[in-house]
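Since we're looking at a predicted model, the values are computed, not measured. Letters go in sequence order (proteins before strands), and every chain restarts at 1.
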Amino acid sequence: MHNLKELRKNLEHFKKKFEERNVDFDIIDFKKKDTLNRDLINKKEKLEQEKKYLSKSKDKSNFEKSKKISQEISNLEEKQTLCQSEIDRIIFSLPNLAHDDVPVGKDEKFNKLIKKKGDIKKFSFKTKSHVELGAKNQNIDFETSIKLSGSRFVVLKGKFAMLERALINFMLDTHINYFKYTEISPPLIVNEEVMFGTGQLPKFKDDQFEIKFDNSDQKKYLIPTAEVVLTNLVRKTIIEKNLLPKRFVASTPCFRKEAGSYGKDTKGMIRQHQFYKVELVSITEPNKCLEELERMLGCAESILEKLDIPYQVVLLSSGDMGFSAEKTYDIEAWIPSENKFREISSCSSCGSFQARRMGAKYKSEIGTDFVGTLNGSGLAVGRLMIALLENNQNEDGSINIPNVLKKYMNNLEKI
RNA sequence: GGAAGAGUGGGUGAGCGGUUUAAACCAGUUGGUUGCUAACUAACCGUACGAGUAACAUCGUACCGAGAGUUCGAAUCUCUCCUCUUCCGCCA
């Protein structure tokens, strides 16, 4: 969310920046509503002032007049509330502004390749996809998951289930012990305000799973990513500057409707309604966001390096970034069966965009101001598993377990 | 799920229809005095929105868990909801 005063002052600039993100911002309409709104507020406040004065006088002859004013106030209030909600509807759905070093462009074609790491292995045999590799002994069992839950779910069995758990524990341990993130075990169901805070609501309602609670019209949602809970840990707080940065890590299931992706990645575990993800979140001073973003990217990269999986890092263009981000790096891992790199992590700086929505501030000598927030996958477990299975396969369909994972896999050499 | 009680500024906590402009205390900030690991003292000390300013300053309005209602007037009365505490029940 943007500072309304800033927006008001630099309408043209904002409009241009929104265009970079494929969002049309109607200046004339906004100006009209904003002017009307302020006019209504002014009128209302004048009447309130008068009413206050009359009621203090305790003069009976004024009671009738005071009543009339009350009536007028509630009329104005109704109009103003309506006007306000129209303005809110607009500004709640405006995305963050792309940072200056973000390439401008309407879609992923304008993303910028930053680096490539690791050697893509040349196999002497015909490689299998993770679906084929998992079909053996039904280790990756889509038949059963369809019976249980429908499409875009999966049942993992035996050593494959263990491998998922091993990857989670390996990543958590790395981020906790080596990069000094604080481990969090958060709720997976959150309320509406929390979803608003990180920007999932109101604009992306259709992507979320809403939970129905009995005897309550209060809405709850399954988290689409731990970013939502971890970032909102500082919601409505004022943090002492010397306690920043705060760094949180959690492994949670993530739930997504994947609306609008019908027919996309229908085979295998690439795109699921439910998947595990290890998520990193940093709360910093706003002017240290970009510095922290580089650090976070490094933390996420280190996982792939330790597992020896080839990957590339891409700087997203203005049109390809998520709603709350000002700058985003995607890490893409090599997937042999598709003969291409696939997104396995997304690390974003959100500046103070989310903090403003959450009411998260910090206190320094100068005063209080909104914090900066960052989030990044470190990494998406399902996709990491795909990458690991496919990159480490042998001709007989077995999978070599990388050294760093062995202690999490009962010291197995392969599965 | 049942019963009872409670939600007031960063914290403690008064007020229970109109000089409350939300007391007082603690914490915090800034200055002063004495002094030496502190004490005393004065002022300041919330958030949002609006007006105002180059930016401060300043001014206005609202905010006592949330929302609605009663009233000329609501922190105070009524209703609904939320949260917390205690007890009982159920449960991993």
Side-chain angles (χ1 to χ4, degrees), chain A residues 1-11 13 30-92 94 185-197 201-202 210-221 229 232-244 246 253 283 352-371:
Chain A
M1 195 162 72
H2 297 286
N3 183 338
L4 194 58
K5 283 183 181 172
E6 292 290 315
L7 181 64
R8 214 176 261 149
K9 252 191 264 174
N10 307 297
L11 283 170
H13 172 72
F30 173 80
K31 231 175 177 168
K32 201 176 87 188
K33 287 180 171 128
D34 186 49
T35 310
L36 174 63
N37 191 37
R38 284 191 284 168
D39 187 46
L40 289 169
I41 289 171
N42 262 320
K43 280 184 181 149
K44 190 182 80 167
E45 288 187 351
K46 284 222 174 71
L47 287 175
E48 276 168 342
Q49 200 169 359
E50 197 180 342
K51 175 179 154 182
K52 207 173 179 178
Y53 173 77
L54 288 179
S55 121
K56 249 185 203 145
S57 72
K58 289 194 236 173
D59 181 349
K60 278 201 175 101
S61 65
N62 280 330
F63 284 3
E64 201 51 36
K65 193 176 173 193
S66 176
K67 196 171 186 174
K68 233 176 223 163
I69 290 173
S70 287
Q71 190 61 46
E72 273 178 71
I73 288 173
S74 74
N75 275 343
L76 280 171
E77 205 164 40
E78 201 178 318
K79 279 185 203 157
Q80 193 265 323
T81 308
L82 200 74
C83 189
Q84 184 72 56
S85 70
E86 281 178 40
I87 291 168
D88 287 348
R89 196 169 46 83
I90 295 170
I91 62 169
F92 289 169
L94 290 173
S185 174
L188 307 179
I189 295 175
V190 296
N191 62 34
E192 227 176 339
E193 292 77 50
V194 166
M195 291 287 273
F196 175 83
L201 295 179
E210 194 179 320
I211 302 281
K212 210 176 159 189
F213 270 51
D214 291 337
N215 300 323
S216 170
D217 41 28
Q218 213 192 14
K219 289 173 183 163
K220 312 263 190 201
Y221 296 86
V229 250
N232 274 282
L233 287 177
V234 297
R235 175 187 155 70
K236 290 200 170 162
T237 57
I238 298 172
I239 304 164
E240 292 295 334
K241 184 183 159 189
N242 59 12
L243 297 175
L244 295 176
K246 282 178 181 282
I283 312 296
S352 56
F353 185 84
Q354 293 179 322
R356 202 167 265 121
R357 293 171 87 96
M358 293 190 299
K361 299 186 164 182
Y362 77 105
K363 196 157 108 185
S364 67
E365 313 78 43
I366 313 158
T368 64
D369 197 5
F370 293 104
V371 296

What does nucleotides 64-70 of chain B look like as a protein-contact string, B for base, S for sugar-phosphate only, - for none, at under 4.0 angstrom between heavy atoms? -------
Enumerate the protein-to-nucleotides 50-54 of chain B contacts in which both atoms are nitrogen or oxygen and the separation is below 3.5 Å.
from, atom 1, to, atom 2, distance (Å)
B:G50, OP1, A:Arg8, NH1, 3.3
B:G50, OP1, A:Arg8, NH2, 2.5
B:G50, O2', A:Asn42, OD1, 3.3
B:A51, OP1, A:Arg38, NH1, 2.9

Could you list, one pair per line, each protein nitrogen or oxygen that sits under 3.5 Å from a nitrogen or oxygen of nucleotides 45-48 of chain B, together with the distance?
from, atom 1, to, atom 2, distance (Å)
B:A48, OP1, A:Lys361, NZ, 3.0

Kindly express the pairing pattern of RNA chain B in dot-bracket notation, using | wherever a base pairs with another strand and counting only Watson-Crick or G-U pairs under 3.5 Å. ((((((((.[[[..)..(.....]]].(((((((...))))))).((((((......)))))).[[[[[..)....]]]]])))))))....
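Rounding to the nearest 0.5 angstrom, the gap separating the CG atom in A:Leu40 from the CD atom in A:Glu77 is 11.0 Å.
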Would A:Glu72 and A:Lys44 count as a salt bridge (charged side-chain N to carboxylate O under 4.0 Å, His left out) here? Give the steps. CA-CA 8 Å; A:Glu72 273 178 71; A:Lys44 190 182 80 167; over 6 Å; no
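For B:A57 and B:G17, the P atoms lie 39 Å apart once the distance is rounded to whole Å. Comparing the C1' positions of B:A27 and B:G9 gives an interatomic distance of 13 Å, to the nearest angstrom. Nucleotides B:U76 and B:A14 are separated by 13 Å at their C1' atoms, to the nearest Å.
Near-neighbour residues of RNA chain B inside residues 65-83 of chain A, defined by a heavy atom below 4.0 Å, number-ordered: A:Ser66, A:Lys67, A:Ser70.
Regarding contacts with the backbone of B:C72, every side-chain N or O of A:Lys52 stays at 4.0 angstrom or more from both OP1 and OP2.
Residue pairs meeting the salt bridge (charged side-chain N to carboxylate O under 4.0 Å, His left out) criterion with at least one partner in residues 34-43 of chain A, sequence neighbours excluded, are A:Arg8-A:Asp34, A:Asp34-A:Arg38, A:Asp39-A:Lys43.
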